[in-house]
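A short worksheet on the structure shown next.
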Amino acid sequence: MSRENGAGVGEGGGGAPEPEQLALIRESVRKAKVPRAKPRTWRGAALAKELPVARVLVDKGVLHLDRYFDYAVPEELDEAAQPGVRVRVRFGAGSRNVREGRREGGGLIDGFIVERRAETEYTGPLAALAQVVSPEPVLGAELLDLARAVADRYAGSLADVLQLAVPPRHARAESRAAVPPPAPPAPPGAGSWRRYAHGEEFLSALASGASPRAVWTALPGPQWAEEIARAVRATLASGRGALVVVPTGRPAARVDAALTELLGEGQHALLTADAGQERRYREWLSVRRGEVRAVVGTRAAMFAPVRDLGLVVVWDDGDANHSDDRAPFPHVREVLELRATRDRCGFLLGGWSCTVEAAQLVESGWAAPLVADREQVRGAAPLVRTVGDGDLARDEAARAARLPTLAWRAVREGLRHGPVLVQVPRRGYVPRLACERCREPARCRGCAGPLEAQDSGAALRCGWCGVEEGAWHCGECGGFRLRAQVVGARRTAEELGRAFPAVPVRTSGREQVLDTVPGTPALVVSTPGAEPVADGGYAAALLLDGWAMLGRPDLRAGEDALRRWIGAAALVRSQNAGGTVVVVAEATLRPVQALVRWDPVGHAVRELGERAELGFPPVSRMAAVSGRPEALAEFLAAAELPPDAVVLGPVPVREAAPGPSRRPGAAPPGEQWERVLIRVPPGSGAALAAALKVAQAARMARGAKGTREGPAEAVRIRVDPLDIG
DNA sequence: AGCACGCCGACT
DNA sequence: GTCGGCGTGCTC
């Protein structure tokens with residue numbers, strides 16, 4: 001007797017079970033090869049009269065198989081069991097146990113109904129839906145399609161993507177009464193969009209229902225948020241919805257305020273991670289239900305189910321916060337690109353700086369540049385000066401001043417007119433060295449800046465001026481041995497406070513981020529990304545540790561440094577208003593020159609050309625695969641990569657280290673992992689992702705043989721790894 | 001991942 | 001005969 005035979009104990013669909021049971025057994029005996037038209041169930045529950053089969057996406061990440069499972073729809077759940085609703089189903093071998101009394105052995109797990117159908121292709125008896133969690137159809141067809149596209153693009157599972165895309169349920173938030181959708185507003189005036197060559201054109205295209213795509217290089221200053229709000233309002237005026245994604249809560253609050261100003265209260269939703277579960281779900285639901293047509297939020301908002309999407313906006317796409325940190329690590333820019341293409345909606349990628357990826361969107365013709373002419377740029381940007389090795393050699397006074405003269409003067413001059421911003425890399429970013437004996441910090445003989453070890457064993461360099469120090473000894477106690485210390489904003493603040501007594505010093509960093517500072521003279525020491533906005537703009541900014549920012553062993557080091565510098569410099573008053581920026585870095589370096597000329601696009605275009613030549617992303621597509629050496633080797637042996645794929649490595653991966661320099665797929669503590677990079681030429685990205693996904697799925701399904709360690713261990717796959725050595 | 005099934009050797 | 005070892009494979 002087959003299991004299937006013994007299983008046929010009941011039948012749904014109404015009517016007396018007896019003759020149908022016989023038919024069922026007959027069918028089983030014939031070893032039925034033909035898919036059954038009618039679903040059968042374990043229990044004799046009555047089924048829905050129409051479309052008695054629910055195709056369910058089982059929300060179980062470990063399955064790593066993007067498959068649907070068919071369940072029977074009991075009559076009493078017929079009405080609630082609509083496509084998109086959350087359900088609970090029995091899943092697992094236990095539910096198939098034929099022995100009496102243990103038929104329901106499998107565990108209850110969550111899932112979504114993706115479709116109602118008349119028949120099933122499954123040749124066994126169907127289990128019935130256990131429960132419809134709520135009648136709210138949270139997973140619409142469009143969101144499902146998008147999630148699937150994202151899963152494919154990133155070689156991840158659909159269930160993983162849905163975990164990012166659909167927020168956890170909160171019952172109280174659902175019970176709120178429906179609110180009628182707002183009427184479309186009138187299109188806004190162009191406002192400060194007039195500063196850009198095609199700004200007005202872009203807005204009127206959106207307002208007329210068209211879907212323009214642009215890479216927008218925003219002029220420095222605070223107007224960007226209002227400009228985004230105007231683009232949103234123009235889109236709403238066309239009767240469509242709009243979605244804005246920004247890196248963190250602070251810019252989200254800025255756009256939120258600008259939208260409230262331009263649209264009034266209650267016309268848009270704010271979706272950020274720091275809101276509580278209930279509030280987050282409530283806002284998300286109001287978007288899904290069409291009660292608000294505009295959304296601003298951080299990265300999880302990229303999936304927000306906005307109705308009739310007319311425009312997607314991403315601000316500052318170079319910020320690492322746009323890359324989700326949960327598998328399969330989708331990036332906001334890429335996801336919104338997918339949405340713009342699939343939904344044929346407008347696309348606006350904006351920032352003060354310009355990523356290589358953004359430059360590529362323009363170069364490929366997918367998006368148009370939206371830039372201001374040089375005249376406008378010169379009028380809005382501060383004056384940028386550099387302090388490098390050459391300057392320092394001639395700088396006698398620097399020794400006494402503890403800072404290069406130019407920097408010192410710029411700070412002192414700036415403090416006469418307002419607040420001065422000092423940007424220092426994040427704590428842990430730059431290890432500071434100190435005398436092992438007396439703990440006196442190791443300082444540069446030229447400018448008294450902190451000495452740093454480039455790499456273990458290599459020469460020491462000054463973190464301020466970049467000059468090498470060949471023969472250090474402690475000036476206090478004469479010691480020759482160094483120990484690593486960590487320098488942060490606080491320590492820098494102390495040092496600068498001593499250099500400029502009688503001036504208030506404030507710090508903004510990871511632990512405590514200041515949002516704004518008054519326009520009165522003060523030193524504001526901040527880590528990149530945490531810079532407060534100064535009322536009326538900063539009078540000056542000092543960008544320290546340029547060498548450390550540029551010297552990171554990362555493909556994006558130059559682009560990243562430029563983006564951080566521009567991010568700080570954009571908060572400084574224009575050159576006409578006396579705004580000055582001093583960057584302590586070698587003036588001949590490309591990112592430094594780009595900052596001086598305020599030409600982020602030129603920098604990105606040149607980088608893009610170089611990446612194309614070297615076969616680096618984003619011109620080619622890369623994926624990082626990491627895991628224990630045997631697991632990785634097995635994976636690579638089994639994977640059928642596209643013929644044009646090139647495997648680089650494997651190389652050992654460092655263990656997960658604290659700080660921003662964590663590597664993709666860092667090994668868990670105590671384990672030695674390896675990583676390969678797999679590169680494919682343009683056009684083969686989808687094939688690579690598909691191959692990786694298939695190989696991973698096979699691995700998960702099969703289980704690794706030959707290893708003592710037991711079942712197959714997943715390798716970590718990351719398409720578009722963030723930092724490539 | 002669970003969990004059941006099943007093919008094998010040792011036991012009442 | 002029957003109990004239970006873990007090696008495979010499925011989950012609607």
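Chain letters run A, B, ... following the sequence lines, proteins first and then strands; every chain starts at 1.
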| message | Tell me every residue that passes ring-ring contact (aromatic ring centres under 6.0 Å, His included) with A:W284, counting only those two or more places apart in sequence or in another chain. | response | none
| query | What base-paired stems does DNA chain C take part in, with at least 3 consecutive Watson-Crick or G-U wobble pairs and both distances under 3.5 Å? | reply | B:1-11 with C:1-11
Find the distance [X]:[atom1] to [N]:[atom2] and express it as a whole number of Å.
X	N	atom1	atom2	answer
A:D70	C:dC12	CG	P	11 Å
A:D110	C:dT11	CG	C1'	16 Å
A:L126	C:dT11	CG	P	12 Å
A:R90	B:dG2	CZ	C1'	15 Å
A:L108	B:dG2	CG	P	15 Å
A:F91	B:dC3	CZ	C1'	12 Å
A:Y122	C:dC10	OH	P	10 Å
A:Y68	C:dC12	OH	C1'	14 Å

| field | Carboxylate-amine/guanidinium contact A:R55 A:E121, below 4.0 Å | value | yes
| query | Who pairs with A:T248 by side chain to side chain donor-acceptor pair (under 3.5 Å), at least two apart in sequence or on another chain? | reply | none
| With A:R679, which residues qualify under side chain to side chain donor-acceptor pair (under 3.5 Å), at least two apart? | none
| said: Tell me whether A:F69 and C:dC12 count as stacked here, given that the ring centres must be under 5.5 Å apart and the planes must differ by less than 30 degrees. | reply: no
| Test salt bridge (Lys or Arg N to Asp or Glu O under 4.0 Å) applied to A:R279 - qualifying residues, sequence neighbours left out | none
| task | Sequence neighbours left out, what pairs pass ring-ring contact (aromatic ring centres under 6.0 Å, His included) with at least one residue falling in residues 322-345 of chain A? | result | none
